[in-house]
Structure formats: C-alpha cells, structure tokens
Amino acid sequence: MQSTVTPTHCPYCALQCGMNLTPAPGGTVRVSERPDFPVNRGALCGKGRTAPAVLDPAVRLTSPLVRSPETGALVSAGWDEALDRIAEGLGRTRTGYGADAVGVFGGGGLTNEKAYALGKFARVVLGTSQIDYNGRFCMSSAAAAGVRAFGLDRGLPFPLEDVPRTGCVVLVGSNPAETMPPALRYFAELRENGGTLIVVDPRRTKTAEQADLHLAPRPGTDLALALGLLHLVVAEGRTDEAYIRERTAGWEETRAAAMAHWPEYVERLTGVPVPLLRETVRLFCEPEAAMVLTARGPEQQAKGTDTVSAWINLCLATGRAGRPLSGYGCLTGQGNGQGGREHGQKADQLPGYRKLTDSAARRHVAGVWGVDPDSLPGPGRSAYELLDALGTDIRSLLLMGSNPVVSAPRAAHVEERIRSLDFLAVCDVVLSETAALADVVLPVTQWAEETGTTTSLEGRVLLRRRALPAPDGVRSDLEVLHGLAARLGGGPSPEKRFPTDPEEVFEELRRASAGGPADYSGISYRRLAEENGVFWPCPAPEPEPGPGPMPVAAAPAPEAEAEAEADGAVHPGTPRLFLDRFATEDGRARFVPVAHRANAEEPDDEYPVLLTTGRVMAQYQSGAQTRRVDELNAAAPGPFVELHPRLAERLGAAEGDPLAVVSRRGRAVAPARITTAIRPDTVFMPFHWAGEGRANTLTNPALDPTSRMPEFKVCAVRVETVRS
C-alpha cells in the first residue's frame, strides 16, 4: 500500500484546519497532524480526526437513486438514467412554467469551483434567477453590515494570528470552545499576553467560562447592548475624535442615536447591570488596540444587520478599525462560508463578489462566460423565500450540499414545501433527510476524494487535495453539472463550458473575479500549494499593453506567473485590510445610525419563554455527516433542552425528563438538561437532529430586511412536561 502523505484541510468549519492524510486499510485514509499550517498548528477537534469515517461506503451513497414509479421507493440506477431523469424533470418545468419555475439551492460547504460552476449553470443553462444557498442562514447579516460600513465583506479583515496580540477582544454570540475548538488557543494566548477576553452570550458556555468578563443579555438584545456601550463611550469622553474626523463619515447621526440608549434603559432591556456595562467600556477602551468579533448569536436575528452595525459603530467611534491589531470581524461558520458567498451561488451576486445589478459586472462576467449580458437573469429570492416558494412559484429544484429539512427555520413547513415539488434532485455524500425526499439522488465525491479550493474565515484561499479515489459509482459535482449541461443545452461544447477538472474551473473563476471586490486573479493552484494559502484580494499583475485587443480579464499563464514572480510583480495577497483606506468610494468608513427594536416575536402569556439555538462540539450543522460517526454520536447522542433550575422547578421537571418545547410553528421533544449556565427566562436547544427533537421546527423565519437572514436565535415558546 502506498504511504504517500497528502497535505489538505478539514471538511468541516471555516477554520479549515490543516491535516495530513495517509492511505489506510479498506480504501480510506488516516488523519494526522499538520503542524506547518499556521492556523491550527496541528491541533484538530474530534470532528476533524474522525472525518474519514464518512468515507466508508457503508455510511455514504455509492450509486445514483431514482424514485420508482411503481413502489415510490428510491432504487439504484445508472448514471445516464439518473442524469436523464434530472434533465427531463428540470426541462419539463422550464418548458411548462418558465425558467424561474426552476430553483437551485447550494451550500456553504461547496468548494469555490463548485459554487462558481453552480451559479454559472443556473444562470447560463437553466436561465433562472432562483438560486441561493444555505450560507444566507449563517453570515449574511455580518456581510451586509460590513459592506455598508467598510465597502467590503471579508469575515476577518486580519489573520487569526493578530488576536493574541491585541489588548481586548469582545466576543459576541460565539462559542469557539465547541464550534471551532482549535481556535480557542488564540483567546487563551490573548489572556496569557495580558489581554482581556469579554464574552457576550445568554449562556455561560465553555468559552464564557474562560473569559475575564461574561455578559449574559436577554436573547435578541445585542443591539441595545452595543448602543448602551457606545453611549458610555461618548459620555465618558472615550471617542477618538481625530480618527472619526479623518477616516469616517456619518458620526453625528450615529452619536445622536446612541445617546438615546442610556445605561439604565439598556440594563432594563438586556438584563446586563450598568456596572458591567461600564467595566466593558473600560476594558475595551484602555488598551491601545482592541477587536469585536461576532458570530451567529447577534447575526441570526431579524435585526441582525443593524446589530452588527452597532458593534462596528463602537469600533469606529473608538478608532478600532483599519488599524494594526484592531477591528471588527465575523467568525464565519461553514467550511467555505466565505468563498461560497463570493462566486455566484447567492441570489444577488456574480463571481468576484460582484453585484448582479451592476451593468459593468454583468458585462465582465458575461464576457468570461461567452454570453450576452442581457441574457443573465436578475436577482432572485433569498434562501428562505426560495424554500417558501417551493411547490407554487418554483416547481422543480436542484439542490447541492444542503439539508434544509433539518437546517431551515420553520422546518416542518419547509419540509412540506419540498414534498409539494413536482421534481427534486439532490446531490449529496449521504442520504440526508432532504435527499430521502428526492426524485433523484446523486452520490458525489467528498473532501478527500477531490481537489478544490476553499476560503477560510480569515479570507485565506486554500487548496484541498485529493488523497484517494472515490468509490465506483460516485462522481464529482462538477461532473454532474457537465452532464446536465450537455443534456439541457448548455451551448456548444459543454465539455469546455462546464469542465470537470477543478483547476480548469478555478482558472476561469480567476478571470471572472478579476477586478472585483473578491479578486482571485493573482492566485493559482501552484501558489496555494507553495504558500499555505493566499489572502484575497490578490489581483494579477497588470499586463503590458500590446497590439490588438486583450482577452477579457485573462489570468496569466503559469510561465508568465513565474516570470512575474521573478520580477517581484506577483501580488502577495492581503492578510490585513483597510490599513490605508476603506473600500468605499472616498476611502472613509461609514457609521450607520441604528436603534433598538424588539424581537420579531416576544414572549406572552401563551409562550412565556425565549428559545435560542446553537451547536455542540461533537456535531456539525444539520448533522447529516457527523451523525453517521460512532465516536461523535457517543459524545453527543441526541438533542436536549437546556433550562435553568428555577424554570425546571416551576415545571416539576428533573434532569433527563422529556420536555416539549412548543412555538407557534410546532413542537419538539427532548430530555431536560438543567443548569445554572442559562438565564431563567431562556431555554436552549442544539439544532443538529431531525425527528421529534428537531429544534428548527420551532424557529421563526422572520427576515432581516437587509440581509434576509431568518431569526433563528430567538423565538417565543412554552415548555411542557411530557407524561407517559
């Protein structure tokens, strides 16, 4: 057996930890440490260590499945039959109801190449505007706030290595001790270096236990909390007036909005005592440098964009953005949540993070694709709105890398809409709860069986490498799109328009992204392999003018790259953004005046308790893959309801008793977990499981007006004991 070591990256979260793979008996691989990768420095969590378990043919799909017209069951089929059925199903809908009756739903775990090809396929082959992806549920509010403040969204505008060197980090609604454990060392090192960690979370999580200060606001009041802190910054004379004058715009309106949120009012709204508000301001403002990092807690709200804007305003008012070791950042969640939103699978975007409504962007991308710009459809529905339209306006759906039956808000309703489709095709590694409802299921390759790029939470573009062949009967998503384009009329020569080689797709992506906000044109597979990743933006060297027209945004050939590198002309990438100017037209950051508003759904007599949701260490997202790993299931075997002893006493509930959590959208049942680590007015459920313990049966699809992010993190419920 060959003992070749393949350096690659974990298939799970946006940390994209480096790991080495070596062949193991049974046609799988063994994971070992890869200390040369600077982000995790060899450390891996349990999910990363056990990732090869899902490569086992016993737990994954290895043959296409089609729905039998005789029995209604999914049965094995050949690839030609399966692809023919998908082409026929999508084509029939397009012919009968129009292109926008066909929907496409992608995922934040798809590689950049797949996300790019999926967006191109939707717009060029299907001609539909109805494409979005599950990343809309994860980072969209932070992205929207970042764009309107800084002119650009990149999760972290600095590398993680800067975190231990700053003076204070305010970590809002994030629990890296469980969601990305190898990152926790950065916060431990921050404290070892004399810095301060402040955690904002309604629960005393494992991360909060390691903080210098823990603020436990009522769920859905993070916006009021940030406004109260900014009020105190102004009242105590801690603003950086020179910075505000030289590098920002819009301060006076924002200052006035913050001054309406005096500390005692904010204490009543949030439950955070005024002395803790004052101590937070002191700890944040006294060091020379400080950061605010947010995650899903403040973002997954119907006011998530404004909430993130309020935290950005705090950074701008104190001069903590666009300076060394300071700034606002979002801790992206999904494995390619950053790259997945940059290259065209989002409803309103084209590759390179270009806007679909920008005529120059349309011309550029259409030139790369060889189509008329006017043929490209306009923006479509956001993720939840797309799912809500299934079976009515959208009659057929192609879905890749997502499991909305478990992960979408108001999940029972979404499941009903999926069941009402005329036709559903799913590409997945395993038979997820959503795939089980499909008319055709295609088994596709996964991380260790394919090469491709991802973009980490730092904005570092990385190369995942193929370490072993896929089982017989399994093909890549790129091969799926190639085969469907050939059947559905993807123009002449689909083998050229939709290549199956990921590096060839990446070369086209480079051209399509050139000159855009997320410019990858100076990045190549060779550079990624040699440099342990490259931070975008990374433009290609400007070509020398010559006779005749230049091809549209051509990326340099490898030999030209080598020559440019020898001349010192290769762009090094951009680890740290905004140090000289922000990405706005005038280079100034924008304050955005915001004000507190209530949750979309507040408690009342019928639903008197707040529910918040989140993750546990041993499971990941909808659990479609991690729930198939014995070691992870042993650590986290099922859902639970976390509640405070005072609430448990009122209910007459003991540890482990089955509890029903009921919202206006449905009912979930799981055992009680009683702890003082949660507020008495709040219960918590993890969202990784299907069935009666499905937390997203309960969650509220109320949407943020800017980002279209659903309000996953807070809804009104009642809790009942379940009697046998």
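- With a 6.0 Å cutoff to the six-membered ring centre and a 45° limit on the axis angle, R576 does not count as a cation-pi contact of F158.
- The closest side-chain heavy-atom distance from M19 to T8 is below 4.5 Å.
- Under a 3.5 Å cut-off, the side chain of N20 and the backbone N or O of E33 do form a donor-acceptor pair.
- Distance CG/L463 to OG1/T454: 8.5 Å, rounded to 0.5 Å.
- The one candidate from D240, D162, D580 that meets the salt bridge (Lys or Arg N to Asp or Glu O under 4.0 Å) condition with R323 is D240.
- Side-chain contact between L156 and C330: absent, with no pair of heavy atoms (C-beta onward) separated by less than 4.5 Å.
- No donor-acceptor distance shorter than 3.5 angstrom exists from the side chain of S456 to the backbone of L15, with no hydrogens or angles considered.
- The number of heavy-atom neighbours closer than 6.0 Å to CG of D586, taken from other residues, nucleotides and ligands shown, is above 12.
- Under the 3.5 Å distance criterion, the side-chain polar atoms of H214 are matched with a main-chain donor or acceptor of R203.
- Taking CZ from R615 and CZ from F687, the interatomic distance works out to 6.5 Å, rounded to the nearest 0.5 Å.
- Ring geometry for F37 against H9 counts as perpendicular: the plane angle is over 60°, on a 0 to 90° scale with 30° as the lower cut.
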Go through L215 and L225 one step at a time and tell me if the side chain to side chain contact (heavy atoms under 4.5 Å, CB included) criterion holds.
-> CA-CA 10 Å; L215 310 182; L225 178 64; 4.2 Å; yes
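- Using a 4.0 Å cut-off between a side-chain N of Lys or Arg and a carboxylate O of Asp or Glu, D306 and K303 do not qualify as a salt bridge.
- Formation of a donor-acceptor pair under 3.5 Å by the R673 side chain with backbone atoms of V641 is not found in this model.
- Between L462 and L528 the shortest side-chain heavy-atom distance does not fall below 4.5 Å.
- Neither side chain, Q16 nor R460, offers a donor N or O lying under 3.5 Å from an acceptor on the other.
- Between D681 and R679 a salt bridge is recorded (basic side-chain N to carboxylate O distance below 4.0 Å).
- Here I244 contributes atom CD1 and W251 contributes atom CH2; the two are 5.0 Å apart, rounded to the nearest 0.5 Å.
- Side-chain contact of N112 with T453: a donor-acceptor pair under 3.5 Å is present, judged by distance alone.
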When you look at V266 and V272, which way does the side chain to side chain contact (heavy atoms under 4.5 Å, CB included) test go after all the steps?
-> CA-CA 8 Å; V266 170; V272 177; over 6 Å; no
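- Between Y328 and T294, some side-chain heavy-atom pair lies under the 4.5 Å cut-off.
- Close placement of the H343 and Y520 rings is indicated, their centers lying within 6.0 Å of each other.
- Taking the charged nitrogens against the carboxylate oxygens, E458 and R154 have no contact shorter than 4.0 Å, which rules out a salt bridge.
- Using cut-offs of 30° and 60° for the angle between ring planes, the F150 and F582 rings count as parallel.
- Counting heavy atoms from C-beta outward, T50 and L632 have side chains that approach closer than 4.5 Å.
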Can you give the donor-acceptor pairs under 3.5 Å from side chains of residues 139-146 to other protein atoms, not counting sequence neighbours?
{"residue": "S140", "atom": "OG", "partner": "R136", "partner atom": "O", "Å": "2.8"}
{"residue": "S141", "atom": "OG", "partner": "E299", "partner atom": "O", "Å": "3.2"}
{"residue": "S141", "atom": "OG", "partner": "S707", "partner atom": "OG", "Å": "2.8"}

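- For the pair T166 (side chain) and L325 (backbone), a donor-acceptor distance under 3.5 Å is present.
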Kindly determine whether R282 and E279 satisfy salt bridge (charged side-chain N to carboxylate O under 4.0 Å, His left out), including the steps that lead there.
-> CA-CA 5 Å; R282 184 187 71 80; E279 180 67 359; 2.7 Å; yes
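- Remark: T574 OG1 to L152 CG distance equals 9.5 Å, nearest 0.5 Å.
- Counted by atom type alone, N696 and T613 present zero donor-acceptor pairs between their side chains at under 3.5 Å.
- Heavy atoms only, all atoms of each residue included: N599 and G220 are closest at OD1-CA, 3.1 Å.
- Using a 3.5 Å distance cut-off with no hydrogens or angles, the side chains of Q334 and N134 do pair a donor with an acceptor.
- Between V200 and L171, the closest side-chain pair of non-hydrogen atoms is not below 4.5 Å.
- Checked for salt-bridge contact, E252 and R255 miss the test: no charged N lies under 4.0 Å from a carboxylate O.
- Using modelled atom types, no side-chain atom of R296 and backbone atom of G614 make a donor-acceptor pair closer than 3.5 Å.
- Interatomic distance, CG of D201 versus CG of D222, reported as 9.0 Å (0.5 Å rounding).
- Scanning both residues, T584 and A149, for their nearest heavy atoms gives CG2-O, 4.2 Å.
- Formation of a donor-acceptor pair under 3.5 Å by the R588 side chain with backbone atoms of R245 is found in this model.
- For the pair M291 and C168, the minimum side-chain heavy-atom distance is 4.5 Å or more.
- A cation-pi arrangement is present between R320 and F284, with the terminal nitrogen or guanidinium carbon under 6.0 Å from the aromatic centre and inside a 45° cone about the axis.
- Using a 3.5 Å distance cut-off with no hydrogens or angles, the side chains of T196 and R191 do not pair a donor with an acceptor.
- Side-chain contact of D704 with T305: a donor-acceptor pair under 3.5 Å is present, judged by distance alone.
- Using a 4.5 Å cut-off on side-chain heavy atoms (C-beta onward), L232 and R278 make contact.
- Summarising the geometry of T270 relative to A224, their closest heavy-atom pair is CG2-CB, 4.1 Å, with the distance given to 0.1 Å.
- P537 and L577 get closest at one heavy-atom pair: CD-CD2, 3.7 Å.
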Trace of the side chain to side chain contact (heavy atoms under 4.5 Å, CB included) decision for E711 with Q301 = CA-CA 4 Å; E711 190 155 80; Q301 300 179 25; 3.8 Å; yes
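- Nearest heavy atoms, Y133 versus G108: CD1-N, 3.8 Å.
- For R341 and F137, the positive end is not near the middle of the six-membered ring at less than 6.0 Å and at most 45° from its axis.
- Judged purely by distance below 3.5 Å, without hydrogens or angles, the side chains of Q621 and Y12 never pair a donor atom with an acceptor atom.
- A donor-acceptor pair under 3.5 Å is formed between the side chain of H261 and the backbone N or O of A257.
- Q619 and N633 share a side-chain donor-acceptor pair at under 3.5 Å.
- Salt bridge E189/R41: present, at least one basic N to carboxylate O contact under 4.0 Å.
- Under the rule for a side chain to side chain donor-acceptor pair (under 3.5 Å), K47 has no partner lying at least two apart in sequence or in another chain.
- With N40 contributing its side chain and P182 its backbone, the two residues share no donor-acceptor pair below 3.5 Å.
- Between the H644 side chain and the T682 main chain, no donor and acceptor come within less than 3.5 Å of each other.
- Taking every heavy atom of both residues into account, C285 and T318 meet most closely at SG-CG2, 3.9 Å.
- Side-chain N/O atoms of R590 and N313 include no donor and acceptor closer than 3.5 Å.
- Contact check on E209 versus R204 returns no salt bridge, with no Lys/Arg side-chain nitrogen under 4.0 Å from an Asp/Glu carboxylate oxygen.
- Residue S326 holds its OG atom at 9.0 Å from OH of Y243, rounded to the nearest 0.5 Å.
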